[in-house]
Amino acid sequence: MRRLLPALLGLPLVGCPADPPPAPPALPAPSAALAGCADVRPGPVCVRPQGPITVWIDAPAAQVPGAEPAAGGARVHRSAAGEVGVTGHAPVRVAVTADPPGPGRALHDQGRQANREGRGDEAVAVLGQAAAAQAAAGDRAGAALSAALLAFIHLDQGRFEAAEAALDRWPAPPEDGFAQAIEAYHRALLAIGLGDARGALAHLDRATLWAERMALPLAGVFSQQRARVHVALGRAAEAVDALAPLPTPEAPCAAADLATNLGWALLASDRARAAETGAVLDRAVAAYDACDSATATKRANAKVNRALWAHRAGAGRPAIGSLPEGVAPEVQAWAAYVDALAHAAPAARAAALDGAVARAEDAGLGRLRWQLLLDAGQAWWAAGDREAAVARFAAAEAVVASGAFDVPADAGRVAFTTDRSASAAWLVEALRQLDRPAQALAAARRAAPGADHAPAADAVAGLDPAARARWAQAWRAWQTARQALAADAAQDWSRSAEALAQARAARAAQRARVSALFDAAVAQLARPGPAAGAPLRPPAPGEALLLWAQRPDGGWTAFVADDAGVAAAPVEPGAWTAPFKPRLASARRVRALSAGPTVGADLGLGDVPVAHGLDLPPRPSPPATGPVVLVADPTGDLPGARREAAGVTPALSTAVGPVQTLAGAGATVARVQAALAEATHLHYAGHGRFAGFEGWGSGLPLRDAVLELRDVLAAPRVPGTVVLSGCETGKAADGAAVGVGLAHAFLIRGAEAVVAPVRPVDDGQALVFGKALYAARGEGASWAAAVARGVAASGARDYRLFVP
């Protein structure tokens, strides 16, 4: 083209004058939201600003002069109406009007006052009229705020459907950031009342996002509700850590709310019996007494919490007795629990606890129902009725199993089951003492957390067509959002420092949404794992099955199952297999069902091949065709990984098949994902990353990004066998019976054997281990025997074989 330019310039200019260029198309203005207005109308138009207007604009702060970054956009504080310029877009025009308040605002104030004075029925009626009048007058923000207060009153009385109906009928307008935050907060309260942790966290994320965008001073309020959810998820220590540093508000009502939430978190933590917990709950009772607008529910709740602490701390057995009218059903159910605990005789206490179970179920309180069943089982055991006790413990375990899947996969499902592990400990120990070791072992296997925290390999196949369509839609949404984040991150190299900071802030705001999309997809699947009643894998011929269960007293019981039957015996940490060593010495393989203290421990079995099992239900084996994929030093900074790849390739090709190598710059996320979909075996030699709550931030760093744990679970298929030669790729969540490390993700998705270290690995040992491992496989050794050979040759004792 460059050689044609002189000839073109020499052509004479003839013909008609050129038409004027068309006007450029109008550039759309970004979406915007306001705060600091009595109402916000489309435009956006601010009605009667109460001070400076805060404008949030859906555009990078670098494109809005004078703006500051604000959760995926830009924030500008203005004292008047006018234009806000946006580079590359039409400006955002903010108008102000001083329209007088309509009659709905007076009704809103009247309803709020009635609620403060304890006239709840009148408040409900007036606030409903207020919201309807405001909506009719175009005051959508006012209608949404009236609906939020109306929903709050309904929630206080346990009327969940009415609360949801109010929020649905008068939603917050998209232009009003304050109303968006308030609506999301009250939807979170509704979800908390319904026991929907997944929904509560999602709504709190949205409320927090809008509060951050609009610079609203609501962080402390939202933190308290998030702490309540964390308590329900078994993360009480985190809740205490979040609430304890918050300053005590001057207003008695706000101080009472904070003391109540902190006291509840302390009651659920290992500080439940401490004097400080009683002191916090005393403050809550006193503060509500000084709060003129405290409802009967809040006052009663504070007193019930204080009485519950007295029981647990051994400070007496106070009974609650009758409660005033208008107290919410959930508080009445907890009061019935406290009254039941006041019975000194075990049989009377057990009967009273049994009687309160239905009340907890009617109120939708899964945690209380579990606690009642657990305490009733202990009381029946003390009363001498062993069968009644076992029945209560088993019923408590059913509550745990049904509730675990309702916890977001990455927000504490393992913590949820671990927090409620007392019922499993009592059930297993009761069955053992009744000389039913096989039943005790089955109960312990079904109680182990972790097997139901992610989609099993064939879970989609079990869905009906409508559910499968919902799953596919949710899964595609997650994949699309995940890919968009990765694509945006790939452009960071070209951004200035300011633009890079803005891009990272925007991605941080999107990660919560991506996580919610992932969990929404998982939630469509049938409940997998032993807890759902799926068949348990029996020991294979010549295989010995080992499991360790913690007793109510904190000690451990070991179980063994093999061709000779099931046996149980107490064990001490560090001597995990001592009672059964002679029996295990002749086993072809020992399958140790993963428990936190034992995965990283030396089981002292010498040359006996050992595999650590997740105890997933039986399933079809993956096809054994496809290439062997070797990923080598994808980040380009591990010469030891390159030496390992070169050293294991000959033995790997002999043992498994021809090797396709993806090394250095060639090991991108897209290429590795494509290879995994076809591979029969994967060997990864590179960095490993164990991170995130319960391991959900773990991943394999590749050339352009990280192959995350979720990416493994989202893969259309994974290789049947996998070797992850990277630090901590076999590590599970700290202290959990079964975690969600990378090795576990491959197994959950369908792999049959994964070899990975539970701690950092030495480069030289990794090379020797890999060569010995594949040499043994080439000679026909099982994976368990090959791992034992590799450990013996290299001294790398932190490698483990994981199986389903």
Side-chain angles (χ1 to χ4, degrees), residues 624-689 699-707 712 718-730 742-743 746 751 753-781 783 785-801:
T625 59
V628 175
V629 174
L630 173 60
V631 178
D633 186 24
T635 54
D637 58 354
L638 283 178
R642 293 195 293 274
R643 290 192 295 269
E644 175 187 342
V648 303
T649 296
L652 176 57
S653 59
T654 300
V656 187
V659 177
Q660 172 190 349
T661 301
L662 298 175
T668 63
V669 169
R671 294 190 65 182
V672 170
Q673 286 179 319
L676 292 182
E678 303 292 336
T680 185
H681 177 79
L682 166 69
H683 185 105
Y684 173 88
H687 290 293
R689 186 180 76 180
L700 300 174
L702 298 176
R703 188 63 170 190
D704 55 342
V706 175
L707 185 75
V712 176
V718 295
T721 55
V722 178
V723 174
L724 300 175
S725 189
C727 295
E728 299 184 332
T729 48
L742 288 162
F746 277 99
V754 179
V755 178
V758 295
R759 298 183 184 88
V761 295
D762 175 79
D763 289 346
Q765 287 183 324
L767 171 59
V768 176
F769 173 87
K771 293 171 68 173
L773 173 82
Y774 291 122
R777 286 291 292 166
E779 296 169 6
W783 277 104
V787 170
R789 178 100 59 94
V791 170
S794 65
R797 307 191 65 83
D798 291 324
Y799 277 92
R800 301 286 185 271
L801 169 64

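Along the sequence shown, residues carry numbers from 1. In this text, all values refer to a predicted model and were calculated from it rather than measured experimentally.
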How close do A667 and V631 get, heavy atom to heavy atom, and via which atoms?
CB-CG1, 4.0 Å
When rounded to the nearest 0.5 Å, the distance separating OH of Y684 from CG of L676 is 11.5 Å
When you compare the side chain of T680 with that of T721, does any pair of heavy atoms fall below 4.5 Å?
no
Locate the shortest heavy-atom distance separating C727 from V761; write the atom from each residue and the value.
SG-N, 3.5 Å
Return the minimal non-hydrogen interatomic distance between G686 and P634, and the atom names on each side.
CA-CD, 4.3 Å
Could you list the residues that satisfy side-chain hydrogen bond (donor to acceptor under 3.5 Å, both in side chains) with E644, not counting sequence neighbours?
H683, S725
Excluding sequence neighbours, so at least two apart, what forms side-chain contact (heavy atoms from CB on, under 4.5 Å) with A781?
A776, A785
By side-chain contact (heavy atoms from CB on, under 4.5 Å), which residues pair with Q673, not counting sequence neighbours?
V669, L707, D711
Look at the side chain of R800 and the backbone N and O of R797, then say whether any donor-acceptor pair between them is shorter than 3.5 Å.
yes
Sequence neighbours excluded, the answer for side-chain hydrogen bond (donor to acceptor under 3.5 Å, both in side chains) partners of R671 is none
Which residues satisfy the side-chain hydrogen bond (donor to acceptor under 3.5 Å, both in side chains) test with R759, sequence neighbours excluded?
D798
Compare all side-chain heavy atoms of L700 with those of V712 and state whether any distance is below 4.5 angstrom.
no
Side-chain donor or acceptor of H681 paired with backbone N/O of V628 under 3.5 Å:
no
Closest non-hydrogen contact found for A685 with A641 is O-CB, 3.5 Å
Sequence neighbours excluded, which residues qualify as salt bridge (Lys or Arg N to Asp or Glu O under 4.0 Å) partners of R642?
D633
Nearest heavy-atom pair of Y774 and V723: which atoms, and what distance?
OH-CG2, 3.3 Å
Please tabulate, for the side chains in residues 645-663, all donor-acceptor contacts under 3.5 angstrom to protein atoms that are two or more places apart in sequence or on a different chain.
| unit_1 | atom_1 | unit_2 | atom_2 | d |
| --- | --- | --- | --- | --- |
| T649 | OG1 | A645 | O | 2.6 |
| S653 | OG | T649 | O | 3.1 |
| S653 | OG | P650 | O | 2.8 |
| T654 | OG1 | P650 | O | 3.0 |

What residues form a side-chain hydrogen bond (donor to acceptor under 3.5 Å, both in side chains) with R689, not counting sequence neighbours?
none
Between A793 and V768 the two heavy atoms that sit nearest each other are O-CG1, 3.7 Å
Using the rule side chain to side chain contact (heavy atoms under 4.5 Å, CB included), only one of L638, D637, T635 pairs with P701; which is it?
T635
Partners of A670 by side-chain contact (heavy atoms from CB on, under 4.5 Å), sequence neighbours excluded?
T668
Among residues at least two apart in sequence or on other chains, which ones pass ring-ring contact (aromatic ring centres under 6.0 Å, His included) with Y799?
F769
Pairs satisfying salt bridge (Lys or Arg N to Asp or Glu O under 4.0 Å), at least one member in residues 768-780, at least two apart:
E779-R789
